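Note that ligands are numbered from 1 as they come in the structure, with each ligand's atoms numbered from 1 the same way. A quick note: this is a predicted structure, and the numbers were derived from the prediction, not measured.
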Amino acid sequence: MRSNFLVFGQPLIEQDEIDEFMDSVRKSWLGTGEKVARFEHDFAVYKKVDHAAAVNSCTAALHLSCLALGIKPGDEIITTAMTFCATVNAIIHAGAIPVLADIDAASLNIDSIEIEKKITAKTRAIIVVHFAGRPCNMDSIMEIAKKYKLYVIEDCAHAIESAYHDKPTGTIGDIGCFSFYSTKNITTGEGGMVISNNKNLISKIKTLALHGLSQDAWSRFSDSGYKHYYVVEAGFKYNMMDLQASFGIHQLERIEKYWSIRKKIWDTYTSRFKDLPVTLPSPDENNIKNAYHLYTLRIDKTKCGITRDEFLNKMQSLNIGCGVHYLAIPQHPYYKRTFNYNETDYPNAVKYGMETVSIPISPKLTEDDIQDVIIAVKKTLTKTDE
Ligand SMILES: Cc1ncc(COP(=O)(O)O)c(C=O)c1O
C-alpha cells in the first residue's frame, strides 16, 4: 500500500507560471491588468473565437452570461439534473427558475428529448454542461433552441479542450463559460472565462464583472494618466487578477500536452479495468474531442458487490483520494424544497449520482501513482491484489 495519501485532482504547476507570478509580485501590479488581457487574447485564439472576458470563476461567468443575455426574474432556464451546484445557483442568482432535464444514461449529458418536454412559454435559455469533458449532442440542442428561439449557454467547466464535429465547445451556442479552479484541466487557482463571437455580449460582461464601470477602468491607475470612470450598470466584483492570469498564460501553453497525458492515463485505466465487474466510461462518440476531465467508475452494488460509499472508504483507506461528481441536483435539500423537484422524475441522473466515483487523472500523476490507483481499484473490487 502507498505510504502517503494521493490527493484527488492535484494541478501540475511548473516553473514558468511561478516566474510569471513572481514578476507580477515584483512589479507590484497584482490586480487586473495586461496579463489578464494577454490571457483573454491567448484563450480566444486557442478556442478560435472572436472575444473573451476573464473573470474570477466559472460561477461568475455563468451568472454574468445569464444577465448579459437579458434573463429576467421569473424566466425559466433549462439545465441538466447532473451538474455541479454552480450551474443551478447562477440561474437562481440571475432571478430565473432552474428547470431540470434528465441525462442520457450513456453519455451522462443532458438528454435533448427531455429538454423539449420541459419547454414552456417562460423558457428563455438552455444551459448545457459538457459533462466530464464529453460534448453534448449539440446538433439536436441547437435545433431545439432555434425552433423555440432560446439562448444556449455552454457550461464548459469540464470541457476546455473539447470539440463537437470540429467546433470548439463554448463557440456553438451563444456564449461559453470556463473554469480554472484548482482541479480543472488548466488552473489559475480560482478563475473563469466567458467566450463569444458576439462582441456586445462580451462587452456587457466586462462591464458587469468590474462594478459596472465604463470599460478599461482597470487602467485608471496606470502611467498613461488618471482616467475618470463612470458607473454605467450596478455590477459585481468578478474580475480576474494578473496574479491568476500569470498562471493561466503558461498553463494554456501546455494544455494539449496535459490533454495527451490524461488521454494516456485514460487509455491505461480502460485497458486495465476492462475485465472488472464495474461500468467504465462509454467510448467516445464519432467526430468529437473529449477533454478527459473525469474518469468515472460506476459502482453498482449488484454488479460490484459493494456500494459506492463503501468503495470510496476502501480507496481512502488505501491512501487514494477520489471524488464524487456529483450527487444529482434533485437530491440536495435546498433545491428539493425550493423547486419541488422529485427525484423519481430524474431517474438517470439520480442513479448515476448514487453510483459514480471519479479516480485521479491529473498530469501530475507519476507512473507509480497510476499503478497505485490501478492496484487499489482492483483490490477494492476483487478483494485481491493484482
Ligand atoms: C459543471 C461545472 N460548472 C460550474 C462550475 C463552477 O466553476 P468555478 O469553481 O470556477 O466557479 C464547476 C466547478 O466545479 C463545474 O464542475
Show which atoms of ligand 1 fall inside a sub-4.0 Å distance from at least one heavy-atom site of [X].
{"X": "Lys184", "answer": "13 (C), 14 (O), 16 (O)"}
{"X": "Ala86", "answer": "4 (C), 5 (C), 6 (C)"}
{"X": "Thr87", "answer": "3 (N)"}
{"X": "Val129", "answer": "1 (C)"}
{"X": "Gly191", "answer": "10 (O)"}
{"X": "Tyr326", "answer": "15 (C), 16 (O)"}

Exercise. Should Lys27 and Glu34 be marked as a salt bridge (charged side-chain N to carboxylate O under 4.0 Å, His left out) after you check the CA-CA gap, both sets of side-chain angles, and the distance that decides it?
Worked result: CA-CA 12 Å; Lys27 286 179 178 152; Glu34 280 167 7; over 6 Å; no

[X]: heavy atom below 4.0 Å from ligand 1, yes or no?
{"X": "Ala61", "value": "no"}
{"X": "His325", "value": "no"}
{"X": "Phe131", "value": "no"}

Exercise. To which of Thr188, Asn89, Asp155 does the heavy atom nearest atom 1 (C) of ligand 1 belong?
Worked result: Asp155

Step through it carefully: locate the ring centre of [X], locate the ring centre of [Y], and say whether they are under 6.0 Å apart.
{"X": "His93", "Y": "Phe236", "answer": "no"}
{"X": "Phe43", "Y": "Phe178", "answer": "yes"}
{"X": "Phe84", "Y": "Tyr181", "answer": "no"}

Considering only heavy atoms, does [X] approach ligand 1 within less than 4.0 Å through its side chain, its backbone, both, or neither?
{"X": "Ser57", "answer": "both"}
{"X": "His158", "answer": "side chain"}
{"X": "Thr59", "answer": "both"}
{"X": "Phe178", "answer": "neither"}

Problem set entry | Which residue and heavy atom of the protein sit nearest atom 2 (C) of ligand 1, plus the separation | Ala157 CB, 3.4 Å

Problem set entry | For atom 12 (C) of ligand 1, closest protein heavy-atom neighbour | Phe84 CD2, 3.5 Å

Would you compute the distance between atom [atom1] of [X] and atom [atom2] of [Y] and round it to the nearest 0.5 angstrom?
{"X": "Asp104", "Y": "Asn137", "atom1": "CG", "atom2": "CG", "value": "9.0 Å"}
{"X": "Ile186", "Y": "Ile255", "atom1": "CD1", "atom2": "CD1", "value": "4.0 Å"}
{"X": "Gln316", "Y": "Asn319", "atom1": "CD", "atom2": "CG", "value": "8.0 Å"}

For this session: Before signing off on this row, confirm whether Thr83 and ligand 1 have an N or O atom pair separated by under 3.5 Å.
Result: no

Exercise. Any nitrogen or oxygen of Cys58, main chain or side chain, under 3.5 Å from a nitrogen or oxygen of ligand 1?
Worked result: yes

Problem set entry | side-chain contact (heavy atoms from CB on, under 4.5 Å) assessment of Lys35 paired with Ser24 | CA-CA 9 Å; Lys35 290 187 186 178; Ser24 292; 2.8 Å; yes

Exercise. Does any donor atom in the side chain of Asp284 or Tyr292 lie under 3.5 Å from an acceptor atom in the other side chain?
Worked result: yes

Exercise. Should the ring pair Phe131 and Tyr326 be called parallel, tilted or perpendicular, given that the plane angle runs from 0 to 90° and is split at 30 and 60?
Worked result: perpendicular

Seminar exercise, completed: Residues pairing under salt bridge (charged side-chain N to carboxylate O under 4.0 Å, His left out) where one sits in residues 136-147, two or more places apart or in two chains, turn out to be Glu116-Lys147

